[in-house]
Amino acid sequence: MTYKRPSWDEYFMGIVDAVSTRATCDRGRTAVVFVKDKIILTTGYVGSPAGTDHCDDVGHLMKSVTHSDGSVSKHCMRTNHAEINAVALAAKKGISIDGASMYCKLAPCYTCAKMLINTGVVRVVCQKKYHKGQESAKMLENAGIKIEFLEDDVEDYTNQ
């Protein structure tokens, strides 16, 4: 068998998979990696704020959200999304992510997409789609951020 060296996108997505193993909420166990000039700037995974309880230890803090189309989705409010944790770490350590690409296991939610636009990210590479991510993807595209999906599947997790 001939070895096939991974593309840069495959390489960084493999790192996303490794980072996601640190997630403390079993609803997706998502993660992100911010990259510029093929150098990792920061990473983040789904998890509670530092020093607070984790879902894996005490359970979820679930809330239902009713969308404008009448559909209802459930969200765990105990944790920060991976994007928020990665951007917070970059800010804390003085790392600019302006002009970076973000690799993610799951496409950003609407709130994270708004935040990403303001960070100066230029490209978002998603392993899978998010079940409520159509508005997010459109907003990123309208802001001039390239969004790519490596798989056409929608991420499925418990209690969506």
Side-chain angles (χ1 to χ4, degrees), residues 9 12-35 41-93 97 100-160:
D9 286 348
F12 290 122
M13 200 57 74
I15 294 170
V16 167
D17 287 338
V19 172
S20 72
T21 65
R22 292 283 305 155
T24 63
C25 181
D26 65 2
R27 297 186 73 243
R29 295 217 189 271
T30 61
V32 301
V33 174
F34 284 85
V35 174
L41 302 175
T42 187
T43 66
Y45 52 83
V46 172
S48 302
T52 66
D53 292 331
H54 297 298
C55 294
D56 289 349
D57 299 330
V58 299
H60 299 289
L61 181 60
M62 297 302 293
K63 302 288 182 181
S64 295
V65 175
T66 303
H67 301 275
S68 58
D69 65 1
S71 64
V72 177
S73 59
K74 296 183 183 254
H75 301 270
C76 179
M77 304 307 287
R78 188 175 306 287
T79 59
N80 287 329
H81 289 182
E83 296 91 335
I84 291 169
N85 284 331
V87 170
L89 179 62
K92 185 176 183 178
K93 298 297 181 180
I97 55 176
S101 294
M102 185 187 78
Y103 290 83
C104 50
K105 185 175 179 182
L106 177 63
C109 74
Y110 196 77
T111 299
C112 287
K114 291 187 292 184
M115 178 190 60
L116 291 171
I117 290 167
N118 286 344
T119 66
V121 165
V122 296
R123 181 175 177 238
V124 175
V125 182
C126 312
Q127 187 175 19
K128 291 185 178 183
K129 294 181 178 180
Y130 171 51
H131 71 280
K132 291 291 183 186
Q134 300 85 351
E135 291 176 332
S136 304
K138 184 175 175 123
M139 183 172 41
L140 290 169
E141 289 172 350
N142 288 343
I145 298 172
K146 187 175 183 179
I147 183 166
E148 301 172 34
F149 297 94
L150 300 181
E151 299 176 21
D152 201 35
D153 298 338
V154 175
E155 179 73 9
D156 186 32
Y157 51 87
T158 305
N159 215 3
Q160 262 176 314

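- What you find for S71 and D69 is that their closest heavy atoms are OG-OD1, 2.6 Å.
- In this structure, A90 and I97 approach most closely via the heavy-atom pair CB-CG2, 4.1 Å.
- Between A113 and M139, the closest heavy-atom pair is CB-CE, 3.7 Å.
- You'll find the side chain of R27 stays beyond 4.5 Å of the side chain of C55, heavy atoms only.
- A donor-acceptor pair under 3.5 Å is formed between the side chain of S48 and the backbone N or O of D53.
- S136 contributes a side-chain N or O that, together with a main-chain N or O of Y110, makes up a donor-acceptor pair within less than 3.5 Å.
- With a 4.5 Å cut-off on side-chain heavy atoms, C104 and T30 do not count as touching.
- Listed by chain and residue number, A31, K105 satisfy the side chain to side chain contact (heavy atoms under 4.5 Å, CB included) test with S20 (two or more places apart in sequence, or in another chain).
- The aromatic rings of H67 and H75 sit perpendicular, their planes meeting at an angle over 60°, well past the 30° parallel limit.
- The closest side-chain donor-acceptor pair between Y45 and N85, if any, does not fall under 3.5 angstrom.
- A salt bridge does not link R78 to D57: none of the charged nitrogens lies less than 4.0 Å from a carboxylate oxygen.
- Applying the side-chain hydrogen bond (donor to acceptor under 3.5 Å, both in side chains) rule to pairs touching residues 112-122 yields nothing, sequence neighbours excluded.
- For I147 against E141, the heavy-atom pair with the smallest separation is CG2-OE2, 3.5 Å.
- Here the side chains of D17 and Q127 are in contact, with some heavy-atom distance below 4.5 Å.
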